[in-house]
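Below is one structure, written out as structure tokens, with a few remarks after it.
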There are 2 protein chains.
Amino acid sequence: MEQSDAATRPRNGDRKAPPTIYDIARLTGVSPSTVSRALNKPGRLNAQTERRIRDAASELGYRINPMARALPTGKTGTLGLLVSDITNPVYFDLVRGAERVAFETGMTIVLADSQESPELERATAERLQTSVDGLLLVGSRLEDQQIQELYSVKPLVVVNRLVEGIPAVIPDVRPGITTALEQLREAGHRRIAYLAGPEASWLNGQRWQTAFATAVEWDMSIVEIKSNAPTREGGAEAFGRVKAADVTAVLAYNDLVALGLLRECRDHGVDVPGRLSIVGFDDIFGADLPTPALSTIRMPLTSLGEKGIRRLLTEIEGGRSEDESALPTEFVGRESIAKAA
Amino acid sequence: MEQSDAATRPRNGDRKAPPTIYDIARLTGVSPSTVSRALNKPGRLNAQTERRIRDAASELGYRINPMARALPTGKTGTLGLLVSDITNPVYFDLVRGAERVAFETGMTIVLADSQESPELERATAERLQTSVDGLLLVGSRLEDQQIQELYSVKPLVVVNRLVEGIPAVIPDVRPGITTALEQLREAGHRRIAYLAGPEASWLNGQRWQTAFATAVEWDMSIVEIKSNAPTREGGAEAFGRVKAADVTAVLAYNDLVALGLLRECRDHGVDVPGRLSIVGFDDIFGADLPTPALSTIRMPLTSLGEKGIRRLLTEIEGGRSEDESALPTEFVGRESIAKAA
DNA sequence: GCTACCTCGGCAATCGGTTGGCAAACACGC
DNA sequence: GCGTGTTTGCCAACCGATTGCCGAGGTAGC
């Protein structure tokens, strides 16, 4: 596996230091401050001088040193994105959306995850705060007060959560849930279960409360079933409790849990959707793969990511953006729903 | 959606500047340089003085300013991780592994993707290089020379690729492919196809060449079928060509392509594995979800991520780490393989 | 020809750390 | 009492930008 003569590789000492504005200044015979202005105060200088400096800069392959700029300005050009679990496919599109907006505005995103641990989340958030201009907290498991403390240090926006006094971007779970329960009701389901997510999750609360209120309104019975983790394993592990609950349909906290339950049903010979209908949340990658394909309530993930970053940017600029309306969810009907047995 | 009285939110000006070593110096009556040494040259100072300073620091809630440190030292404490497509589940575990090692060593990871575009990859890499200590290039689509140029600027490690003179971490595709073809052969398959990935992908070349050599050695016929993109859509779109090729088994460039093909087969009534056996690569999230569950060749993703970062760290320290042996792949038998028709 | 104003570019301070060199203070041996 | 050596902490320069202020020179108005 030796790919090359080690002696031919650059050592750190070999690499030439990148050019600075001082190099450009020397080359063009002006002062460094003039170079700085030429490069980021267009119009401030004589057009011809500016041209000359810009040319010299690109000839030298000059790239601004973000650290050096950050020191006097206090702006790092970096945003922190903290999610509860990187390996949860639900964050794909959200991250993508966030990245797109960040890239367009010339910001860099630092992605980190807290592995569903509040302690780790706090530690990571604090560490990130020293090197970013603002933080996007997605599905935070922290307590309100901790988030407020973080907010008192640096700009911050929460996604999928509401905290007193903190700018937020959230989905409106109502449309998706309403349609889903409507479908279940029309298919004759009267006893349904909600397979719960983490208690510290605000979104879990929203989903449960909305499902609960809707079910009650429509005279369906509904029970909440605990699950240990918002993962496929968590869903599989809840199978026994679901079965014992004697319901004809399950609304799961998220697709991961729904997929875990679905698989377990198949492995135990419980016919889905014949004997049990299952609906998930999020419409993650893979939700359409199993047979039956999973019906789910799609979250506006890309938009949540995009709006989150935009919101954060105006927050950083000191603007006080209006809290916009929540982004609507949408029911995606697939094969995991059928007439109640 | 108004969550709070806007007037109660901190404005940027409201936030108090974080404490600096100057604050600590003033508080303890020593000079800033002494504070600096107390905090990161243990033993250089009188033990008692050091204690006093450390106590004051933690009392003030001091956190070092990474930018300020980066300036004189040239070390940013940040590593860049550049993947070809963030939304490809294959990178989950790799990113996880990389993050774990980075976190343990106190480094921060900046994750970016190039959306399968070489131009974007180069631009992003160059941008990242100004603010990180080193770069991990995963599945790069750049040309060798471009990578070498990047390497001449900052430390860099490539994953899933070999480039002359560049430290690399790669999988050994042989074990997985050998076992997979062995199984196919024993099941009576004699005509197989390789559904190709991006031409610019080194890994695609490895997979094809190894499959080719092995098939030839064992007297199986093998053909290469192009696919337009290494995605589910790409796999679906290749269905016609696969069907026309008159083979009994397909080895796909990755699971995404395999899943796309699998779905398309189902939609067109082609029985898998009855009439066509399918094997993927990577064992991504979701590979086990469809019916039939996808057989695949698992990549040591977590290890690739971990080793990649470790390798990068020694590279940054100026060490010249030995090129270690490639990490073995492993065949994962599921339901998408059966006896040849 | 004089004042008033504007344009253009440089000086120097600043951001928050790090670090080489030095000097003060102290201990020790003789 | 003096030379030598060691410990300890400070001074000041530096990293690479940004920016307030100022002065030189040009232009215009009267």
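Lettering of chains follows the sequences in order, A, B, ..., and the numbering in each one begins at 1. Source: prediction; values computed, not measured.
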Counting primed atoms, P, OP1 and OP2 as sugar-phosphate and everything else as base, the B/S/- map of nucleotides 11-17 of chain D against protein heavy atoms under 4.0 Å is BB--BBB
Euclidean distance, [Y] [atom2] relative to [X] [atom1], rounded to 0.5 Å:
{"X": "B:Arg127", "Y": "B:Leu120", "atom1": "CZ", "atom2": "CG", "value": "9.5 Å"}
{"X": "B:Ile21", "Y": "B:Leu60", "atom1": "CD1", "atom2": "CG", "value": "12.5 Å"}
{"X": "B:Gln148", "Y": "B:Glu143", "atom1": "CD", "atom2": "CD", "value": "11.0 Å"}
{"X": "A:Met67", "Y": "A:Thr76", "atom1": "CE", "atom2": "OG1", "value": "8.5 Å"}

Basic-acidic side-chain contact under 4.0 Å: A:Asp93, A:Arg96
no
First and last nucleotide of DNA chain C in contact with chain A, 5' to 3', at under 4.0 Å to a heavy atom: what are they?
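That gives a stretch of C:dC8 to C:dG16.
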Rounding to an integer number of Å, can you tell me how far [X] [atom1] sits from [N] [atom2]?
{"X": "A:Gln48", "N": "D:dG26", "atom1": "CD", "atom2": "P", "answer": "15 Å"}
{"X": "B:Leu45", "N": "D:dT7", "atom1": "CG", "atom2": "C1'", "answer": "10 Å"}
{"X": "A:Arg44", "N": "D:dT18", "atom1": "CZ", "atom2": "P", "answer": "14 Å"}

Tell me which residues in residues 49-56 of chain A lie within less than 4.0 Å of DNA chain C, going by non-hydrogen atoms.
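Residues of residues 49-56 of chain A that come under 4.0 Å of DNA chain C are, in numerical order, A:Thr49.
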May I ask you to establish whether B:Arg54 and B:Tyr62 are in a cation-pi arrangement, using a distance under 6.0 Å from NZ or CZ to the six-membered ring centre and at most 45° from the ring axis?
no
Does B:Ala168 offer a backbone N or O that forms a donor-acceptor pair with the side chain of B:Arg311 under 3.5 Å?
yes
Test salt bridge (Lys or Arg N to Asp or Glu O under 4.0 Å) on A:Arg100 and A:Glu104 and set out the steps.
CA-CA 6 Å; A:Arg100 239 209 46 231; A:Glu104 281 172 14; 3.2 Å; yes
Do the two ring centres, one from B:Tyr91 and one from A:Phe92, sit under 6.0 Å apart?
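No, the ring centres sit 6.0 Å or more apart.
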In sequence, state the C-alpha distance, the side-chain angles, and the governing distance for B:Asp144 and B:Arg161, and then conclude on side chain to side chain contact (heavy atoms under 4.5 Å, CB included).
CA-CA 10 Å; B:Asp144 284 11; B:Arg161 172 147 181 186; 2.7 Å; yes
Any side-chain N or O of A:Lys75 below 4.0 angstrom from OP1/OP2 of D:dT18?
no
